[in-house]
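I have a structure here, written as structure tokens, and I will follow up with some questions on it.
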Protein chains: 4
Amino acid sequence: MPKPTFFRLPDDRRELVVREAIAEFAEHAYADASLSQIARRTGIAKGSFYQYFEDKLDLYRWLLAEEAPRKKREFLGAVRFDGDFWAGLETYVERGMAFLVEHPGLARLAAAAADPTAAAEVRGLHLAICEAGITELRALLQVGIKGGAIARGIPLDIATRLVSTVIGPGLTDIVLRELGAELHEVLASTSLQRELGPARRRRLAHAAVLFIRGGLGNPQSKTKKERHR
Amino acid sequence: MPKPTFFRLPDDRRELVVREAIAEFAEHAYADASLSQIARRTGIAKGSFYQYFEDKLDLYRWLLAEEAPRKKREFLGAVRFDGDFWAGLETYVERGMAFLVEHPGLARLAAAAADPTAAAEVRGLHLAICEAGITELRALLQVGIKGGAIARGIPLDIATRLVSTVIGPGLTDIVLRELGAELHEVLASTSLQRELGPARRRRLAHAAVLFIRGGLGNPQSKTKKERHR
Amino acid sequence: MPKPTFFRLPDDRRELVVREAIAEFAEHAYADASLSQIARRTGIAKGSFYQYFEDKLDLYRWLLAEEAPRKKREFLGAVRFDGDFWAGLETYVERGMAFLVEHPGLARLAAAAADPTAAAEVRGLHLAICEAGITELRALLQVGIKGGAIARGIPLDIATRLVSTVIGPGLTDIVLRELGAELHEVLASTSLQRELGPARRRRLAHAAVLFIRGGLGNPQSKTKKERHR
Amino acid sequence: MPKPTFFRLPDDRRELVVREAIAEFAEHAYADASLSQIARRTGIAKGSFYQYFEDKLDLYRWLLAEEAPRKKREFLGAVRFDGDFWAGLETYVERGMAFLVEHPGLARLAAAAADPTAAAEVRGLHLAICEAGITELRALLQVGIKGGAIARGIPLDIATRLVSTVIGPGLTDIVLRELGAELHEVLASTSLQRELGPARRRRLAHAAVLFIRGGLGNPQSKTKKERHR
DNA sequence: TATGAATGAGTTTTCATTCAT
DNA sequence: AATGAATGAAAACTCATTCAT
């Protein structure tokens, strides 16, 4: 955890640190991300970082396990899944894409947890993050099962991981291709909004959910949204 | 390309180099993988690697672009998709899992190409590898479309990427959880065969294809395989 | 250019670095001079040099293009050529020899710019230094021409280069033989003063100028200095 | 000295070695010249060089102390200094420039001996070469003194070194500027002949000798050549 | 609390030389 | 005689971390 000093920092300074640290860790895997580089980016003395954090890992862990999820939750807000499950999922996916478009660094950081070649020091952390995501998604799918939207053809655990992959790396990948850009450029960019607007995002979300629904869905339950396609 | 010297090496030495290099690059992203470390692993002098390869990138490129695909092709053999498309895909997926179980290092190496935080020097290479994989898969799906197995609900490009994600990182992830192991332990292990045998692999492949088929499939076309489930 | 850190260093440390760097570069051509060696000479950690300079070239460039000329200008002071041109040249040459005797490392460093086998990275730099020297000398000779001291027998450009060679490598060479020492011993030595005192230097400077004057001089113009020899 | 094996080599192979070794040593100072590079240039196995020479130094020494002087002597032939001394010197200088133009590598190699930053291993060798050159030139100037062409204004030793500098590095420098090229490019070039033809060389030689003669010459002795200028 | 200089372990790469075939 | 694979020492350079001010 960051040291108390960090939280006592003036807001703008603390946010500067957070912003540039996210950018650095989004652009490079943990082992290649460089504290020296973050110091350069921010113009803050290298030594100061050791007043704020124990070490590089402490900073990374906090960003990945606390800050990124917090901001993501805040951005996504609450999505209702108990009415029309598939419509709920579509909203959820669309908001995820909006998050990617508006906070590519954070989104990338969150995705980094899935990298299996990560340095030894961060493996445990990554695993925990992944499991947390899976657990959340599994709970969500269970809502779909209870509501009758999801059929029991595929074991829940497997289904969860498949869905996780589709709406995680899968959609990220598609979004990047849409943008015609490598992640790297996206991170540097400022207004992706213009390039992948809400309408396009909705269409993509719809296609993805259509795909998932086909794979998991209960043929009995039809929704209005589904029918007019 | 490796230097001629490398190909003239005694088989055991060359294989030692290949094996340990794959392990190193499977365990670490390109930038963190270390030639010094490979030298230590193999007990071969650091200088010798520069008799075999131009530099670190040369070795990596060869492994990723030549050796891994070659071994994978060899392992997978030819799969027929023109009969029962979904049965073909299931076989294809099952063999992919077998490859992962028997050559986890190679499989991981091939997957590394999807890492968007890769060092600048390898980005072009990674992109090319990814595109090649996508192109191959798209051709494959087109066979499914022609044969009537795949419906036209989702644009081909998007469908291709979704499927790619499912049978790539998606299944890899699932297999690893099944094995209850992190990738780096898997890389060290020798007999995964015992732990994820053919029967289990077939069941997983079936679930995955069921998922994809639901998402893309044409409800009109039923196969025998499908019915007795 | 050196980093600000370097200029903020305590004087003794900065001078230690400068002194040993000059010695290293005076003893070895750029490509063979070693930062590791300078680190060893000074007892300063290798890494510290990269706090002071961008890289090896940065240090070399600064020494060669800034520090050596600065110290030389400071040492030489202003020499008047508009009175008796040949007497002015003699003073100039004598002071040059004094500089060589008191700052052999710097003098050698400056001379290194003439080495045509220099590594590719420094060729441009060397060329620029050489041209600057030639340009300065040419301007000086033009003063001699205007004052009537120099006759027009030899084209100015050629004359400039010949004179440059005589008072540059030519005199350096002679001085070293006088000292009966190889350059690298001279570099290590501290009191050349004793061994090549002012009187001897004056005699050498006189001979050199006599030589040049014969080659370029206008027989019409005689100076007092000349006559009483 | 080269091993007997070297002299038993087929002529073309031996000459290939000599040619490329000269080129390498002409382009780089001893320490930077690379046997590996010569091996690459010639296509001869690195190991073979150790059948021909003890080591890198052995090769270098032989080239510098034996082969270069031999070829230079052969090229220059005998020049008569006992008639008109200054005309003799002019011929000598002109032939020296022709040698530079036709064998830039050899000429550069010979000049390398004057480099005072040479690696420790070759310093003794360089010193000896230089002394030999100086001794030869001193003998030559003594002929001029005996014949009355040279006056006694400047001590012989100093005069010798001044002249040596003028006709050595001085003229080389001028020739290169004339060619508008850096040494490096000259070494790669094949037909300098075209670019610095005999007429131009004669004019340069004349200017240089005029310069030297002014510096050392006896005003009493006039030659025909001198008068029509 | 902020700074930034100091450090040394680590990396990639080159090279002369040896030696078995 | 020729080969070319093997080697280890050395280079330039980067980085996380410490610590005195």
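Reminder, nothing fancy here: chain letters follow the sequence lines and each chain counts from 1.
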Taking CG from B:Leu35 and P from F:dG8, how many angstroms apart are they, rounded to a whole number?
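Roughly 16 Å, once rounded to whole Å.
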Over all heavy atoms of both residues, which pair between D:Ala65 and D:Ile129 is shortest? Give the atoms and the distance, please.
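Heavy atoms of D:Ala65 and D:Ile129 come nearest at CA-CD1, 3.7 Å.
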Does D:Tyr52 put a side-chain nitrogen or oxygen below 4.0 Å from OP1 or OP2 of F:dA1?
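Answer no for this pair, as no side-chain N or O of D:Tyr52 is under 4.0 Å from OP1 or OP2.
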Counting the atoms with a prime plus P, OP1 and OP2 as sugar-phosphate, which does B:Ala33 contact under 4.0 Å by heavy atoms, base, sugar-phosphate, or nothing?
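Answer is sugar-phosphate: B:Ala33 comes under 4.0 Å of backbone atoms only.
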Please work out if D:Ala31 contacts a base, only the sugar-phosphate, or nothing of the nucleic acid, heavy-atom cut-off 4.0 Å.
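Result for D:Ala31 = nothing.
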With respect to the phosphate group of F:dA16, does any side-chain polar atom (N or O) of A:Ser36 fall under 4.0 Å of OP1 or OP2?
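So the side chain of A:Ser36 is within the cut-off, an N or O lying under 4.0 Å from OP1 or OP2 of F:dA16.
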Which one, E:dG4, F:dT17, F:dA6, comes nearest to the side chain of A:Ala45?
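Among the listed nucleotides, the one closest to the side chain of A:Ala45 is E:dG4.
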Tell me the interatomic distance from C:His28, atom NE2, to F:dA11, atom P, rounded to whole angstroms.
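Spelled out: NE2 on C:His28 to P on F:dA11 is 10 Å.
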For DNA chain E, whose closest nucleotide is more 5', that of B:Ser34 or that of A:Arg13?
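With B:Ser34 and A:Arg13 compared, the 5'-side residue is A:Arg13.
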Spacing of A:Leu57 atom CG relative to F:dC15 atom P, expressed in whole Å
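After rounding, the reported distance stands at 18 Å.
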Hey, is the side chain of C:Arg8 poking within less than 4.0 Å of OP1 or OP2 on E:dG4, counting only N and O atoms?
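Checking C:Arg8 against E:dG4: no side-chain N or O falls below 4.0 Å of OP1 or OP2.
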Closest heavy-atom pair and its distance - B:Thr5, B:Gln51:
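In terms of heavy atoms, the two residues are closest at CB-O, 3.3 Å.
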With no angle test and no hydrogens, is the base of E:dA2 tied to the side chain of A:Gln51 by a donor-acceptor pair under 3.5 Å?
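When only heavy-atom distances are counted, A:Gln51 does reach the base of E:dA2 through a donor-acceptor pair under 3.5 Å.
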Within the structure shown, what part of the strands sits under 4.0 Å from A:Lys46 by heavy-atom distance: base, sugar-phosphate, or nothing?
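Answer is base: heavy atoms of A:Lys46 come under 4.0 Å of a base.
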How far apart are the C-alpha atoms of D:Arg13 and D:Thr42, what are their side-chain angles, what is the distance that settles it, and do they pass the side chain to side chain contact (heavy atoms under 4.5 Å, CB included) test?
CA-CA 9 Å; D:Arg13 191 175 176 91; D:Thr42 54; over 6 Å; no
Suppose we define a pair by two distances each less than 3.5 Å, Watson-Crick or G-U wobble; what does E:dT12 pair with here?
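Pairing partner, where one exists within any strand: F:dA11.
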Please report, rounded to the nearest Å, how far the C1' atom of F:dA1 is from the CZ atom of D:Phe7.
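It works out to 16 Å between those atoms.
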Interatomic distance where CZ belongs to C:Arg40 and C1' belongs to F:dA12 [whole Å]
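That distance rounds to 12 Å.
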F:dA1 pairs with, by Watson-Crick or G-U criteria that keep both distances under 3.5 Å:
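The base-pairing partner of F:dA1, which may sit in any strand shown, does not exist here.
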Nearest nucleotide by nearest heavy atom, which residue falls closer to the 5' end of DNA chain E, B:Lys56 or C:Leu9?
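Checking each residue's closest nucleotide, the 5'-ward one belongs to C:Leu9.
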Can you measure A:Tyr50 atom OH to E:dA5 atom C1' for me and round it to whole angstrom units?
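Roughly 15 Å, once rounded to whole Å.
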Just say parallel, tilted or perpendicular for the rings of A:Phe53 and A:Trp62, cut-offs at 30° and 60°.
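Correct class here is tilted.
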Of B:Arg41, B:Arg108, B:Lys56, B:Arg40, the residue whose pairing with B:Glu24 passes salt bridge (charged side-chain N to carboxylate O under 4.0 Å, His left out)
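Looking at B:Arg41, B:Arg108, B:Lys56, B:Arg40, the match for B:Glu24 under the salt bridge (charged side-chain N to carboxylate O under 4.0 Å, His left out) is B:Arg41.
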Considering every strand and a 4.0 Å limit on heavy-atom distances, what is the contact class for B:Thr5: base, sugar-phosphate, or nothing?
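Sugar-phosphate contact only.
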Is there a side chain to side chain contact (heavy atoms under 4.5 Å, CB included) between C:Val18 and C:Phe6? Walk through the geometry before answering.
CA-CA 10 Å; C:Val18 169; C:Phe6 178 64; 3.9 Å; yes
F:dA6 P sits how many Å from B:Phe49 CZ, rounded?
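It is 10 Å, rounded to the nearest whole Å.
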Figure out the CD/P separation between A:Glu54 and F:dT18, and round it to whole Å.
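Those two atoms, CD and P, are 10 Å apart.
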Considering heavy-atom distances to DNA chain F, does C:Tyr30 or B:Gly43 have its closest nucleotide positioned more toward the 5' end?
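Nearest-nucleotide comparison on DNA chain F picks B:Gly43.
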